[in-house]
Amino acid sequence: MLVIVNPISGIGRQKKIERLLNDNLNHDIYDFEVRYTQHIHHGTLLAQQGADEGFDVITAVGGDGSINDVIAGIHGSDATLGIIPCGSGNGLARCMRIPLIPAFAIRILNQQNTGLIDTITLNDTYYIASIAGVGFDALIARLMQNVKTRGFPAYLNLVLHEYPIYESKDYRMVIDGQEIQRKAWFTTFANSNQFGYNAAVAPQAKLDDGLIDISIVDKIPIEHIGITGPLIYANHFELSQHVEMFKASDVWVYGNVDRWVNIDGEGANVGTELHFVNQKQSLKVLKRNMKEPLIIRHAADTIKKTIDQLVEG
């Protein structure tokens, strides 16, 4: 296993990763090597090198952006993706029900439960595992790249600051050959069900159904936020009068005047014309086996010693 660590992602949970791997990874299954990214998108190069070197599993330690970099590097290879979520939103990990505690996420790797999930390609250049978006969504992703502190408070602060300013834009879309025109505040193109932080903007999305879940959202009046916000966190965003949802395998988007796209939580200047295509079950991943308990070896040892002491006492 090659473990690729983004040392500045999220809120710092990744800083003790080597000790956690030594303590919790099953070394009867895996030999592992850790490499650290040194600049933006360095994870793609490291993942590509790891795949070329014959690593069986390449594990991303970081957030959705770090995972995206690794996916771009292993695309087309035989390598399997592992995930240790240490980012801010962790949308893909939450959707896959991978624990956000790194030691428990490492236990998922020990299960060796390999499966296939979809990815989405954008303009035949970018790969999306979780979610992409245009409009306000992309603006916030771009601005988040420049904040000094990651995490939900920073994200929420940007949303509140930009909300009064950003207005809906006109888009033309061709969804599986059907043309529509909409005014949208933001539009998401989802493989997983959420942005992160458990904000489910595509509550019906599935990672392996061969479809892109499209949520077209007009600007939500401030007096409706108290109703719409809870719907997002209750997995019922489709009930909002301000959202329209579609499912498709192929989507063209015209009129992206901002040019920016949110790609798995990171802003990218892609252009005004966008083409999203679902690549069904194109990525091998280590998934969680929900039938197996997540007991950390050292935690189990501690519990046993405590019980033994109580019995002896």
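Residue Lys206 qualifies as open at atom NZ: its count of foreign heavy atoms under 6.0 Å is 12 or below. Remark: Asp31 CG is loosely packed, at most 12 non-hydrogen atoms of other residues, nucleotides or ligands lying under 6.0 Å away.
A salt bridge links Glu53 with Arg35: the closest approach of a Lys/Arg side-chain nitrogen to an acidic carboxylate oxygen falls below 4.0 angstrom. With salt bridges taken as basic N to acidic carboxylate O contacts below 4.0 Å, none links Lys16 and Glu18. Electrostatic pairing of Asp213 and Lys247 counts as a salt bridge here, judged by a charged N lying under 4.0 Å from a carboxylate O.
At least one side-chain heavy atom of Met1 sits under 4.5 Å from a side-chain heavy atom of Leu109. Put simply, the side chain of Lys183 does not reach to within 4.5 Å of the side chain of Lys169, judged on heavy atoms. Annotation: side chain of Ser249 is not in contact with side chain of Val277 (no heavy-atom distance under 4.5 Å). Asn113 has its side chain out of reach of Arg288: every pair of non-hydrogen atoms, C-beta onward, lies at least 4.5 Å apart. Put simply, the side chain of Leu81 reaches to within 4.5 Å of the side chain of Leu283, judged on heavy atoms. Side-chain contact between Gln112 and Tyr30: present, with at least one pair of heavy atoms (C-beta onward) separated by less than 4.5 Å. Looking at Gln178 and Ile180, their side chains come closer than 4.5 Å, going by heavy atoms from C-beta outward. The shortest distance between side-chain heavy atoms of Met173 and Glu179 does not fall below 4.5 Å.
Of the candidates Phe186, Trp260, Trp185, Phe136 forms a ring-ring contact (aromatic ring centres under 6.0 Å, His included) with just one, namely Trp185.
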(request) Using the side-chain hydrogen bond (donor to acceptor under 3.5 Å, both in side chains) rule, take Tyr166 and Asp258 through it: C-alpha gap first, then chi angles, then the decisive distance, then the call. (result) CA-CA 11 Å; Tyr166 195 89; Asp258 297 334; 2.2 Å; yes
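Ring orientation note: the planes of Phe276 and Phe189 are close to parallel, at an angle under 30° on the 30°/60° scale.
Looking at His161, its side chain never comes within 3.5 Å of a backbone N or O of Asn157 through a donor-acceptor pair.
The aromatic ring centroids of Trp252 and Tyr171 lie 6.0 Å or more from each other.
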